[in-house]
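Below is one structure, written out as structure tokens; comments come after it.
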Amino acid sequence: MTSEEVLDEFRSAGALLEGHFVLSSGLHSGVFLQKMAIFTDPVRTARVCGALAERIAARYGRIDYVVSPAIGGIVPGYETARALGARAIFVERDPGGPFALRRGFQIPKGARAVMVEDIVTTGLSSRECLAALASEPGEVVGAACLIDRSGGKADLGLPLVALVTLDIPNYPADQLPPELAAIPAVKPGSRALPGA
Ligand SMILES: O=P(O)(O)OC[C@H]1O[C@H](OP(=O)(O)OP(=O)(O)O)[C@H](O)[C@@H]1O
Ligand SMILES: O=C(O)c1cc(=O)[nH]c(=O)[nH]1
Ligand SMILES: [Mg+2]
């Protein structure tokens, strides 16, 4: 799939939103990719995750485990794992706490894993996910996401394969442009932000 074809999936699913959003990192943006508008449609999800799996296989070779950060990563992680013929597991957090593998999930010795995110903005969630995997016996060979909205600038400490790379502006709360300051902000994701 080309970048334009993937973006068309987001547009036609109603997943490309404009307004005033508080992101997981606490930064503000006028654009939000509501990936759940994609993930509620299994056929659309299979199309985009199948394309991501092809990129992952071409870049990293054999993959045994896909690991994703909850909540947004669970569905694309599962569907990408299906296309790769791999297992799908996820990290989750107790409210406000760090990500951890629970439920008996592990990356066994000798296994090759890839971390699959839905959206990368600053890379914070991806880095936290990777930190939770550091002591696993198996190897995390790289990362992947559907959309990297950092313009390729997010540093995960591992290679990142993105189906689409966009450079979407984000702003600290005290540096909002007037058009964002004029409208109330909404916080769509699951991370609890300080003071929220
Ligand atoms: O690169 P970052 O700056 O970390 O931003 C991207 C993260 O934000 C979203 O998750 P969020 O914490 O909003 O919760 P969700 O997964 O439940 O949607 C998204 O799913 C990524 O995990
Ligand atoms: O940075 C985020 O929190 C974020 C951005 C985005 O476009 N979509 C999303 O689900 N999360
Ligand atoms: Mg997330």
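It should be emphasised that the depicted structure is a prediction, and the values quoted were computed from it without experimental measurement. Note that ligands are numbered from 1 as they come in the structure, with each ligand's atoms numbered from 1 the same way.
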**Request:** Specify side chain, backbone, both or neither for Leu33, according to which of its non-hydrogen atoms lie closer than 4.0 Å to ligand 2.
**Result:** both
**Item:** Those atoms of ligand 1 less than 4.0 Å from some heavy atom in Ser25
**Value:** 3 (O)
**Asked** Do ligand 2 and Thr121 have nitrogen or oxygen atoms that lie under 3.5 Å from each other?
**Response** yes
**Prompt:** At a 4.0 Å threshold, what atoms of ligand 1 neighbour a non-hydrogen atom of Ile119?
**Reply:** 6 (C), 7 (C), 19 (C), 21 (C)
**Fill in**
Of Leu27, Thr121, Leu156, the one whose closest heavy atom lies nearest atom 5 (O) of ligand 1 is Thr121
**Message:** If the cut-off is 4.0 Å to any non-hydrogen atom of Gly72, which atoms of ligand 1 fall inside it?
**Reply:** 15 (P), 16 (O), 17 (O)
**Numbering as shown, the atoms of ligand 1 that approach Ser24 to under 4.0 Å (heavy-atom distance)** = 8 (O), 11 (P), 12 (O), 13 (O)
**Message:** For Val161 versus Arg55, what's the shortest heavy-atom pair and its separation?
**Reply:** CG1-CB, 3.6 Å
**Request:** Examine Ser25 against ligand 2 and note whether any of their N/O atoms are separated by less than 3.5 Å.
**Result:** no
**Message:** With heavy-atom distances below 4.5 Å as the criterion, would you say the side chains of Leu133 and Val91 are in contact?
**Reply:** yes
**Request:** For ligand 2, find out whether one of its N or O atoms is nearer than 3.5 Å to an N or O atom of Phe32.
**Result:** no
**Request:** If the plane angle is over 60° it's perpendicular, under 30° parallel, otherwise tilted; pick one for Phe105 and Phe90.
**Result:** perpendicular
**Complete:** Value for OH (Tyr171) from NE2 (His28), rounded to nearest 0.5 Å, stands at 12.0 Å
**Request:** Enumerate the atoms of ligand 2 whose separation from the nearest heavy atom of Leu23 is less than 4.0 angstrom.
**Result:** 1 (O), 2 (C), 3 (O), 5 (C)
**Message:** Contact between ligand 1 and Lys35 is defined here as a heavy atom of the residue under 4.0 Å from a ligand atom; is it met?
**Reply:** yes
**Request:** Using a strict cut-off of 4.0 Å, indicate which atoms of ligand 1 neighbour a heavy atom of Glu117.
**Result:** 20 (O), 21 (C), 22 (O)
**Option of least heavy-atom distance to atom 6 (C) of ligand 2 (set: Lys187, Lys35, Arg149)** = Arg149
**Request:** Tell me, please: is Gly123 in heavy-atom contact with ligand 1, that is, under 4.0 Å?
**Result:** yes
**Request:** Run the numbers for me: atoms of ligand 1, each under 4.0 Å from some heavy atom of Leu124, listed by number.
**Result:** 1 (O), 2 (P), 4 (O)
**Prompt:** Got the closest protein heavy atom to atom 3 (O) of ligand 2, with its distance?
**Reply:** Ser24 N, 2.8 Å
**Prompt:** Among protein heavy atoms, which lies nearest atom 4 (O) of ligand 1, and at what distance?
**Reply:** Ser125 OG, 2.6 Å
**Asked** Between the side chains of Arg44 and Ser12, does any donor sit under 3.5 Å from an acceptor?
**Response** yes
**Message:** Hydrogens and angles aside, do Thr122 and Arg127 bring a side-chain donor and acceptor to less than 3.5 Å of each other?
**Reply:** no
